[in-house]
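Data first, discussion second: the structure below is written as structure tokens.
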Amino acid sequence: MTQPKRVAITGAAGQICYSMLFRIAAGDIYGPNQPVILHLLEITPALGLLEAVKMELDDCAFPLLADVVVTDDPKVALNGVDAALFVGAKPRGPGMERSDLITDNGKIFSALGAVLNEVGSPECKVCVVGNPANTNAFILKANAPNINPRNITALTRLDHNRAISQLAGKTDALVSDINRMVIWGNHSTTQVPDISYASIGDKAAKDCVDSDWALNDFIPTVAKRGAAVINARGSSSAASAANGVIDHMASWIQGTPDGDWVSMAVPSDGSYGIEEGLIYSFPVTCKDGDYTIITDLEVSDVIKEKMIASQTELQDEKNTVAHLLPS
Ligand code: NAX
């Protein structure tokens with residue numbers, strides 16, 4: 001039998017995970033021939049609820065689900081796992097921006113980073129979802145020097161998918177006809193959804209919409225979509241966030257199709273002048289379980305200005321959490 005892949009998931013009794021665990025168990029990240037073992041982490045008071053989630057996982061009799069570990073001990077959850085999805089954190093409520101969460105949630109990521117450093121596999125693939133996701137990933141990376149820093153990423157695939165959907169709606173196109181969307185920067189309202197390189201079938205997206213819409217309607221609509229969902233349902237995006245995590249991991253592990261790319265927040269290598277090491281969203285292609293930042297796009301002045309503003313926000317967040325970064 002193929003050796004199962006172990007996937008740790010924090011915040012496993014929460015909303016996002018309730019939409020995500022069943023899909024991972026069905027093979028949506030590693031594909032239809034790869035068994036998985038789920039390592040589910042929760043805080044102690046939520047363990048009862050997590051046991052109930054495990055009951056439902058058992059009741060699905062997923063052929064690919066080799067085992068489920070339920071624990072409140074991060075050392076057990078993160079021990080030797082192939083992938084770790086850091087979802088557990090306080091979500092945004094109505095009227096809150098992600099940055100409001102920075103102080104409370106940052107502490108979770110310094111502590112879990114230290115544990116991952118101790119018990120994690122050096123090539124563990126990390127996706128941080130809990131907000132502020134980019135800066136939490138930055139904190140985790142700083143506290144886990146034994147883990148390959150390239151493998152510490154944060155989720156902007158939900159934003160990428162939102163952007164594709166908005167463009168498809170505007171142009172009456174199928175989402176499957178849209179390629180090469182980009183989200184630059186932070187998973188926040190400073191993010192820069194960019195259609196400059198996107199295509200719709202055989203046409204350039206920028207020839208299908210007017211530039212005023214692309215700058216003044218599309219960008220804020222995508223960037224504020226999370227808040228719009230909160231206003232509409234009273235709690236933050238869950239099923240779509242879960243879908244974004246699945247897409248992020250599946251692309252990373254199984255690769256991106258020829259001629260397309262995806263957006264991932266990854267440690268900057270200095271491309272486009274972005275400060276090295278910041279967890280910044282770039283367009284990437286994926287192959288053989290690794291990603292490559294697309295480095296040669298020509299960026300317009302107006303997009304560049306917005307990219308720098310998002311970098312500045314990440315630099316400010318980094319300064320705010322300086323006490324959580326080992327020197
Ligand atoms: P829930 O409150 O439903 O679930 C969070 C779970 O995390 C809870 O069950 C809680 O007990 C657990 N938890 C808290 N601290 C923990 C710790 N130290 N170790 C393990 N588990 C812990 O929130 P949910 O809606 O699932 O959202 C989770 C996070 O995702 C929030 O921070 C939210 O803001 C963030 N999001 C990120 C998105 C992104 O695109 N990056 C989009 C959706 C979402 O807003």
Side-chain angles (χ1 to χ4, degrees), residues 8-21 39-53 69-78 84-116 126-140 143 153-163 183 185-189 191 193 222-249 263-265 279 281:
I9 298 139
T10 76
Q15 284 201 94
I16 292 176
C17 289
Y18 195 68
S19 292
M20 189 170 80
L21 301 180
H39 289 213
L40 307 182
L41 179 69
E42 259 297 347
I43 50 173
T44 312
L47 277 181
L49 192 51
L50 187 55
E51 284 292 350
V53 174
V69 176
V70 165
T71 182
D72 59 357
D73 181 350
K75 282 191 183 169
V76 173
L78 298 174
L85 313 178
F86 289 89
V87 182
K90 209 164 113 181
R92 253 193 302 173
M96 284 171 83
E97 283 304 335
R98 294 162 34 275
S99 49
D100 297 330
L101 297 174
I102 200 162
T103 316
D104 283 353
N105 285 346
K107 284 182 266 184
I108 296 175
F109 290 84
S110 58
L112 289 177
V115 175
L116 186 67
V126 170
C127 176
V128 173
V129 181
N131 277 321
N134 300 51
T135 293
N136 288 337
F138 186 86
I139 294 168
L140 190 136
N143 285 278
T153 71
L155 184 72
T156 50
R157 185 63 170 271
L158 172 56
D159 308 295
H160 181 98
N161 289 344
R162 285 168 172 164
I183 303 292
N186 198 2
H187 168 66
S188 76
T189 52
Q191 69 177 258
V222 175
K224 294 181 184 163
R225 185 73 170 177
V229 170
I230 291 173
N231 287 338
R233 76 187 288 265
S235 57
S236 61
S237 308
S240 55
N243 181 67
V245 182
I246 302 266
D247 285 351
H248 176 109
M249 295 304 294
S263 301
M264 281 172 70
I279 307 286
S281 183

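All ligand and atom numbering here is 1-based and tracks the order in the structure. Throughout, numbering of the chain's residues begins at 1 and tracks the sequence. On a predicted model such as this, the values are computed, not experimentally measured, just so you know.
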Original post:
Using heavy atoms and a threshold below 4.0 Å, how should the contact between Q15 and ligand 1 be classified: side chain, backbone, both, or neither?
Top reply: both
Subject >> A242 versus S19, closest heavy-atom pair with distance >> reply: CB-CB, 3.6 Å
**OP:** For residues I279 and N134, report the shortest heavy-atom separation together with the two atoms involved.
**Re:** O-ND2, 2.8 Å
**OP:** Indicate yes or no for a side-chain donor-acceptor contact from N105 to the backbone of A89 under 3.5 Å, with no hydrogens or angles considered.
**Re:** no
**OP:** Taking S263 for its side chain and R157 for its backbone only, find out whether a donor-acceptor pair lies under 3.5 Å.
**Re:** no
**OP:** Considering the heavy atoms of A241, write down every atom of ligand 1 situated less than 4.0 Å from one of them.
**Re:** 42 (C), 43 (C)
Original post:
Mind checking whether I16 has an N or O less than 3.5 Å away from an N or O of ligand 1?
Top reply: yes
Original post:
Does N131, backbone or side chain, put an N or O under 3.5 Å from an N or O of ligand 1?
Top reply: yes
Subject >> Proximity of S236 to ligand 1 by residue part, where a heavy atom lies under 4.0 Å >> reply: side chain
**OP:** Report yes if D159 has an N/O atom closer than 3.5 Å to an N/O atom of ligand 1; otherwise report no.
**Re:** no
**OP:** Just jot down the salt bridge (charged side-chain N to carboxylate O under 4.0 Å, His left out) partners of K75, sequence neighbours excluded, or say none.
**Re:** E118
Subject >> Donor-acceptor pair, side chain of N143 and main chain of A114, under 3.5 angstrom >> reply: no
Original post:
Quick one: salt bridge (charged side-chain N to carboxylate O under 4.0 Å, His left out) partners of R162, sequence neighbours excluded?
Top reply: D159
Original post:
With atoms numbered from 1 as shown, which atoms in ligand 1 lie under 4.0 angstrom from a non-hydrogen atom of G11?
Top reply: 6 (C), 7 (O), 12 (C), 20 (C), 21 (N)
Original post:
Below 3.5 angstrom, do we get any N/O pair linking V129 and ligand 1?
Top reply: yes
**OP:** Answer yes or no for S237: is there a heavy-atom contact with ligand 1 below 4.0 Å?
**Re:** yes
Subject >> ligand 1 versus I108: contacting region, heavy-atom distance under 4.0 Å >> reply: side chain
Subject >> Heavy-atom nearest option to atom 9 (O) of ligand 1, drawn from R162, H187, M20, E42 >> reply: E42
**OP:** With heavy atoms only and a cut-off of under 4.0 Å, state how L158 meets ligand 1: side chain, backbone, both or neither.
**Re:** side chain
**OP:** Look only at the side chain of S281 and the backbone of I183, and say whether a donor-acceptor pair between them is shorter than 3.5 Å.
**Re:** yes
